[in-house]
Amino acid sequence: MMNMHAHAQAHTPGSYEVSTYPLAVEGVRLAFGGLKALDGASFHIQPGIITGLIGPNGAGKTTMFNVISSLYRADSGSITFMGRTIERLRPHQITRLGLVRTFQIARGFPKLTVFEHLMVYGDQQPGESIRTALMGSVKARRREAELAEKALSIAARLRLSHVIDNKVTDLSGGQKKLLEIGRALMAEPRMILFDEPAAGVNPTLAEEIGDHLLSLVSDGVTVLLIEHDMALIERICQRVIVMAQGRTLAEGTFEEVRENSEVQDAYLGGRR
Ligand SMILES: Nc1ncnc2c1ncn2[C@@H]1O[C@H](COP(=O)(O)OP(=O)(O)O)[C@@H](O)[C@H]1O
Ligand SMILES: [Mg+2]
């Protein structure tokens with residue numbers, strides 16, 4: 001493994017006031033019928049680092065992202081972002097606060113080109129197109145030019161410039177993963193929730209995706225990362241939270257949680 005901990009900077013766990021945590025989750029529960037997908041999960045995310053969210057299949061990680069991004073409503077518990085309660089906001093309102101998420105399987109508009117896809121997500125605020133139209137054509141065109149510039153620079157950053165006019169459906173699996181990162185960046189987020197951004201890609205691209213996440217963090221973005229690739233988690237995460245059966249089981253550095261016997265048991269006995 002290369003560059004292990006090269007990016008880990010000294011910081012004191014627990015040294016932040018609660019109000020300064022970008023994201024705080026307290027006692028979140030959500031049942032699907034009799035299945036407790038989230039069963040009182042709690043954690044606080046520290047700013048300016050990548051925190052890994054790991055755990056066996058079915059632990060509730062994706063459900064946690066769905067609840068944080070308000071696709072699902074929790075049965076109970078609280079979620080705050082930048083000190084604001086967000087659990088009753090709609091998904092687009094959360095995006096507008098600067099909290100965005102990516103999907104395990106990229107979703108979207110298959111007929112669009114890469115460029116068009118990025119443009120759509122840059123202009124996502126509801127009513128935006130109506131408002132833009134009312135602003136008059138000069139302002140509307142200026143706004144569109146700004147968005148286009150943003151889309152081009154994000155594509156360049158993700159090394160997608162050469163496929164910018166290709167249909168999204170013609171991209172390789174890896175390029176779709178990169179585009180999913182690009183989609184999140186169009187919202188100019190303060191924090192991104194990544195759901196398995198490197199799943200199914202080759203090791204070289206997985207490493208590249210890790211580098212992209214590190215570069216986001218050096219731009220001041222806070223990252224919460226669900227990922228099964230433990231080499232990637234070890235390389236880029238300063239903190240790791242382990243979930244199992246809807247709860248947060250352990251938290252610490254990668255080494256700390258790896259040595260934790262409860263964590264080892266959860267992986268061995270995890271729902272598969
Ligand atoms: N929409 C849903 N309806 C019913 N059950 C769900 C739904 N979403 C997730 N689950 C169940 O909740 C549990 C947690 O799933 P998930 O959050 O996807 O786990 P993870 O992402 O950690 O693998 C699983 O048992 C899963 O089958
Ligand atoms: Mg999942």
Side-chain angles (χ1 to χ4, degrees), residues 23-45 50-79 81 86-91 94 99-108 173-174 176-181 183-184 191-201 205-206 209-210 213 223-234 236-237 239-252 254 257-258 260 262-272:
L23 179 69
V25 170
E26 287 291 347
V28 168
R29 293 174 196 279
L30 175 59
F32 297 110
L35 178 88
K36 293 173 179 173
L38 295 175
D39 194 16
S42 303
F43 55 79
H44 297 87
I45 300 302
I50 304 177
T51 302
L53 183 60
I54 66 171
N57 282 335
K61 306 180 298 295
T62 296
T63 303
M64 178 56 79
F65 276 16
N66 287 336
V67 167
I68 294 169
S69 58
S70 233
L71 287 185
Y72 296 168
R73 174 76 52 92
D75 296 332
S76 61
S78 83
I79 301 166
F81 179 64
I86 59 167
E87 71 250 15
R88 281 182 194 82
L89 298 184
R90 311 251 305 275
I94 292 174
L99 176 59
V100 305
R101 59 88 57 89
T102 69
F103 288 89
Q104 216 165 338
I105 295 155
R107 321 193 311 172
K176 283 182 187 149
K177 289 296 216 185
L178 292 169
L179 181 59
E180 184 64 2
I181 298 174
R183 186 183 66 73
M191 177 166 182
I192 309 182
L193 313 174
F194 283 103
D195 198 349
E196 300 196 30
V201 310
L205 185 55
I209 286 171
L213 302 197
V223 170
L224 181 59
L225 168 68
I226 298 176
E227 188 50 64
H228 283 293
D229 177 345
M230 287 303 138
L232 183 59
I233 291 281
E234 181 171 19
I236 69 175
C237 296
R239 303 287 297 169
V240 176
I241 295 165
V242 186
M243 282 186 69
Q245 299 186 359
R247 287 178 219 185
T248 26
L249 190 65
E251 193 181 331
F254 182 79
V257 302
R258 181 177 54 193
N260 182 313
E262 277 186 87
V263 172
Q264 292 167 1
D265 291 349
Y267 269 93
L268 292 174
R271 297 180 220 165
R272 280 266 146 199

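Ligands are counted one by one from 1 in listed order, and the atoms in each one are counted from 1 as well.
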> Any salt bridge (Lys or Arg N to Asp or Glu O under 4.0 Å) involving residues 23-35? Give me the pairs, sequence neighbours left out, ordered by first then second residue.
Arg29-Asp39
> Answer with yes or no whether Gly55 contacts ligand 1, where contact means a heavy atom under 4.0 Å from a ligand atom.
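No, Gly55 has no heavy atom closer than 4.0 Å to ligand 1.
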> Arg239 vs His44, test: side chain to side chain contact (heavy atoms under 4.5 Å, CB included). Steps then yes/no.
CA-CA 11 Å; Arg239 303 287 297 169; His44 297 87; over 6 Å; no
> Taking salt bridge (Lys or Arg N to Asp or Glu O under 4.0 Å) as the definition, give me every residue that meets it alongside Asp229, ordered by chain and number, with sequence neighbours left out.
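Asp229: no salt bridge (Lys or Arg N to Asp or Glu O under 4.0 Å) contacts found.
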> Nearest 0.5 angstrom please: Leu38 CG to Tyr72 OH, how far?
10.5 Å
> How far apart are the closest heavy atoms of Ile226 and Thr62, and which atoms are they?
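Closest pair (atom of Ile226, atom of Thr62, distance): CD1-N, 3.9 Å.
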> On a heavy-atom basis, which atom in Ala198 and which in Leu232 lie closest, and how many Å separate them?
CB-CD2, 3.9 Å
> Phe32 versus ligand 1: do any nitrogen or oxygen atoms come within less than 3.5 Å of each other?
no
> Identify, by atom number and element, the atoms of ligand 1 in contact range of Thr63, meaning under 4.0 Å from any of its heavy atoms.
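What qualifies from ligand 1 is 9 (C), 14 (C), 15 (O), 16 (P), 17 (O).
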> Give me the protein N, O or S atoms that fall under 2.8 Å of the Mg ion (ligand 2), sorted by chain and residue number.
Thr62 OG1
> Is any side-chain heavy atom of Phe194 closer than 4.5 Å to one of Ile209?
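Contact flag for Ile209/Phe194 side chains = no.
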> For Ala199, give me all partners under side chain to side chain contact (heavy atoms under 4.5 Å, CB included), at least two apart in sequence or on another chain.
Lys177, Glu196
> Using every non-hydrogen atom in the two residues, find where Lys61 and His228 come nearest and quote the distance to one decimal.
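That closest heavy-atom pairing would be NZ-CE1, 4.1 Å.
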> Hey, is Ile226 touching ligand 1 through its side chain, its backbone, both or neither, going by heavy atoms under 4.0 Å?
neither
> Could you list which atoms of ligand 1 come closer than 4.0 Å to a heavy atom of Tyr72?
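This gives 1 (N) as the contact atoms.
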> Does any N/O atom on Met64 come nearer than 3.5 Å to any N/O atom on ligand 1?
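No; every N/O pair is 3.5 Å or more apart.
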> Relative to the heavy atoms of Asn57, which atoms of ligand 1 are at a distance of less than 4.0 Å?
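Ligand 1 atoms under the 4.0 Å threshold to Asn57: 23 (O).
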> Show the atoms of ligand 1 that are less than 4.0 angstrom away from any heavy atom in Ala59.
19 (O), 20 (P), 22 (O)
> For the atom pair CG (Leu225) and CD1 (Ile192), what is the distance rounded to the nearest 0.5 Å?
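Leu225 CG to Ile192 CD1: 11.0 Å, rounded to 0.5 Å.
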